[in-house]
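See below for the structure under consideration.
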Amino acid sequence: MKLQYIKESLENSGLKDVIYYSQLHSTNKYAKENNIESDNLIITPYQYEGRGRFNRIWESLEGDNLTFSIVKSFKINTKNVFIVNFYISYIVLKAIKEIFPDYMQYNFTLKWPNDLLLKNKKFGGILSELINVKDDEKKFIIGVGINVNQRDFSENISKKATSLRKETGIIFELEELLIRIVKEFYANINLLNDTDKILNLWKSNSQIINKEVKFRKTADNIEINGKIINVESDGGIKIETVDEFNNKKYSVYYTGEISFIY
Ligand code: BTN
């Protein structure tokens, strides 16, 4: 990776420094273990123990993709911390869409809570971790994984996973993509004070409302069939289910996973 070029390009962005390793277990884990300060970015072309939500493995072929973490501290009310996930997924999608003048043809969308989809397959995910929930100034480790130039995926994920290259045929410069994302992240940072606005921006990039889905609250393995009614103002997802007597019931969930029923 052209580390010097990345650093120079991001000099006035708001980012302090870029920490680079040619390989690393996980950029999130590194930031946590080394108590990395706010406004630093950790990046590696080879993450050999990358983790996703629910502690799943995040697979990424060496040199093909972006795997990085941004450390960011800011004042935010505990009830609003959920918005960080929505913010970063919106920002990453915005940065990517801006590369494509004709992005409409590609169908980039966001899926609750923070998946990035291209033609309904996942090409990116976010794992943000809050370090100090009790302090006024909260520190987040925002981990971003984007499948960029990878062409093949292991059998168990190949039906659901894709990359930018796989769907568009374009080979991307990882550095350019990273620089765009970080610039967007800082240029829009004040949005974090306006949760409604972020949610509206997020929703306008998502196509989940009214979709029939399977919902898994992974922790206790309940799977339900239902229809997505809304993403509520507190980030929860409102799902409509119908029981055997045809009664409709509405529930709001704050964690879990949805998959579309086509
Ligand atoms: C998910 O969709 O489940 C989230 C995936 C997040 C992966 C990124 S890659 C960089 C950072 N380090 C990790 O170990 N995970 C995140």
Side-chain angles (χ1 to χ4, degrees), residues 1 6 15 18-36 40-72 82 84-93 95-96 108-118 120-131 139-150 153-154 156-164 172 174-175 177-178 181-182 185 202 205-206 208 215-219 235 237 254-260:
M1 277 198 134
I6 296 173
L15 192 74
V18 179
I19 300 167
Y20 171 90
Y21 284 94
S22 57
Q23 51 174 298
L24 207 55
H25 39 48
S26 147
T27 55
N28 270 35
K29 190 172 162 188
Y30 179 89
K32 258 184 289 180
E33 285 181 352
N34 296 281
N35 197 17
I36 300 300
N40 282 291
L41 183 142
I42 302 105
I43 187 160
T44 183
Y46 181 44
Q47 191 178 239
Y48 52 85
E49 259 172 46
R51 284 285 174 271
R53 295 176 65 236
F54 308 116
N55 210 26
R56 288 195 194 118
I57 291 169
W58 182 259
E59 281 178 34
S60 183
L61 270 186
E62 178 168 7
D64 273 354
N65 304 315
L66 283 175
T67 49
F68 64 93
S69 305
I70 301 175
V71 183
K72 183 72 201 165
F82 74 91
V84 172
N85 270 326
F86 288 89
Y87 176 68
I88 183 72
S89 38
Y90 162 70
I91 286 294
V92 173
L93 199 75
I96 291 173
F108 286 106
T109 56
L110 296 170
K111 190 180 122 197
W112 186 91
N114 42 36
D115 287 352
L116 293 104
L117 307 185
L118 180 46
N120 282 322
K121 284 184 160 193
K122 177 165 170 170
F123 73 92
I126 312 290
L127 181 69
S128 56
E129 301 181 76
L130 173 56
I131 300 302
K139 183 171 170 180
F140 293 85
I141 295 172
I142 305 169
V144 180
I146 307 169
N147 299 333
V148 183
N149 294 324
Q150 186 167 332
F153 292 87
S154 67
N156 50 327
I157 60 167
S158 66
K159 281 206 182 82
K160 290 181 174 174
T162 194
S163 71
L164 293 174
F172 292 82
L174 297 177
E175 290 85 352
L177 194 51
L178 175 74
I181 292 168
V182 177
F185 178 84
W202 188 94
N205 281 281
S206 130
I208 64 168
F215 177 80
R216 250 172 269 110
K217 214 182 146 185
T218 307
I237 195 159
Y254 295 93
T255 173
E257 188 171 50
I258 53 176
S259 46
F260 300 127

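Whatever order the structure lists them in is the order used to number ligands and atoms, beginning at 1. Keep in mind that what you see is a predicted model, and the values were worked out from it rather than measured.
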* Asked: With ring centroids as reference points, do Y87 and F185 lie under 6.0 angstrom apart?
  -> yes

* **salt bridge (charged side-chain N to carboxylate O under 4.0 Å, His left out) partner of E129, chosen from K29, K32, K139** => K32

* For K111, all residues meeting side-chain contact (heavy atoms from CB on, under 4.5 Å), sequence neighbours excluded -> D115, L117, I208, I258, F260

* Identify, with sequence neighbours excluded, every residue that meets salt bridge (Lys or Arg N to Asp or Glu O under 4.0 Å) alongside E62. => none

What are the atom names and distances for all N or O pairs under 3.5 Å between ligand 1 and the protein?
{"residue": "ligand 1", "atom": "2 (O)", "partner": "K122", "partner atom": "NZ", "Å": "2.6"}
{"residue": "ligand 1", "atom": "3 (O)", "partner": "R53", "partner atom": "N", "Å": "2.6"}
{"residue": "ligand 1", "atom": "12 (N)", "partner": "T27", "partner atom": "OG1", "Å": "3.2"}
{"residue": "ligand 1", "atom": "12 (N)", "partner": "Q47", "partner atom": "OE1", "Å": "2.9"}
{"residue": "ligand 1", "atom": "14 (O)", "partner": "S26", "partner atom": "OG", "Å": "2.8"}
{"residue": "ligand 1", "atom": "14 (O)", "partner": "R51", "partner atom": "N", "Å": "2.8"}
{"residue": "ligand 1", "atom": "15 (N)", "partner": "R51", "partner atom": "O", "Å": "2.7"}

* Asked: Does N34 have any side-chain contact (heavy atoms from CB on, under 4.5 Å) partners at least two apart in sequence or in another chain, and if so, which?
  -> Y30, I36

* To do: Assess the side chains of S154 and E59: does a donor N or O sit below 3.5 Å from an acceptor N or O?
  => yes

